[in-house]
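Have a look at the structure below before the remarks.
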Amino acid sequence: MRFLKRVFNALALPVLFSAVSGYFVWHAMHGERGLIARAERLNDIAAARRELSDAERERDQIERRVAGLRGERLDRDQLDERARSLLNMVGRDEVVVPYGPERRLY
């Protein structure tokens, strides 16, 4: 019995330390703020930045088109194009080139 008590006393502290260390190491890797979650967050941030740049590019295109229809420097060609598109009208001597839905002009 004394032998078992000595073995238990000799192993108790290292086993307890190993268990506590293992717990913290596992959570450092797999926890909600661990290394794996950090990599996922970085991927999410990169995807959000790409989406933001796409939205900003689209906004800039729309702003350029709107600037041509505003104020003293009215772009008559752009106004005519937009009016014909909205009213679905063309002239008798004009050629219509249809675009697919993925190649929309505006």
Side-chain angles (χ1 to χ4, degrees):
M1 197 56 138
R2 283 187 185 168
F3 175 73
L4 290 177
K5 204 174 206 182
R6 265 190 281 152
V7 169
F8 178 74
N9 284 340
L11 292 178
L13 192 59
V15 168
L16 180 66
F17 178 74
S18 297
V20 170
S21 297
Y23 174 81
F24 284 113
V25 167
W26 189 88
H27 279 285
M29 291 297 293
H30 301 284
E32 73 179 56
R33 291 186 178 88
L35 294 176
I36 294 172
R38 181 179 186 273
E40 291 173 1
R41 277 194 313 272
L42 291 176
N43 288 339
D44 291 344
I45 289 170
R49 285 186 177 149
R50 282 191 301 272
E51 187 175 333
L52 175 64
S53 68
D54 291 343
E56 287 175 343
R57 187 172 34 257
E58 183 178 347
R59 184 197 62 206
D60 292 341
Q61 290 173 351
I62 291 170
E63 284 178 353
R64 278 195 302 274
R65 291 189 61 82
V66 168
L69 297 174
R70 198 186 272 175
E72 297 150 5
R73 36 180 214 143
L74 185 65
D75 185 5
R76 292 185 185 270
D77 290 335
Q78 190 173 4
L79 179 63
D80 184 52
E81 174 190 341
R82 186 70 178 144
R84 288 175 187 255
S85 172
L86 289 174
L87 298 174
N88 199 20
M89 298 178 69
V90 295
R92 293 179 190 215
D93 60 343
E94 294 178 346
V95 177
V96 176
V97 179
Y99 290 100
E102 69 279 352
R103 294 186 58 210
R104 292 185 59 162
L105 294 177
Y106 43 86

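No hydrogens, no waters, no symmetry mates; every other heavy atom, side chains included, goes into these values.
A salt bridge between D44 and R41 is absent, with no side-chain N of the basic residue lying under 4.0 Å from a carboxylate O of the acidic one.
A distance of 11.0 Å separates CG of L4 from CG of N9, quoted to the nearest 0.5 Å. Rounding to the nearest 0.5 Å places NE2 of H27 at 12.5 Å from CZ of R33. Rounding to the nearest 0.5 Å gives a distance of 11.0 Å between CG of N43 and CZ of R38. Rounding to the nearest 0.5 Å gives a distance of 11.5 Å between CG of L35 and CD of E40.
Heavy-atom contacts from other residues, nucleotides or ligands closer than 6.0 Å to CD of E51 number 12 or fewer. Within a 6.0 Å radius of CZ in R49, no more than 12 heavy atoms belonging to other residues, nucleotides or ligands are found. The 12-atom threshold is not exceeded at CD of E58, counting heavy atoms of other residues, nucleotides or ligands nearer than 6.0 Å.
The hydrophobic cluster containing F17 does not contain W26, counting ILVMFWY residues as joined when their side-chain heavy atoms lie under 4.5 angstrom apart, directly or transitively.
Of all the heavy atoms in A37 and G31, the pair that sits closest is CB-O, 3.7 Å.
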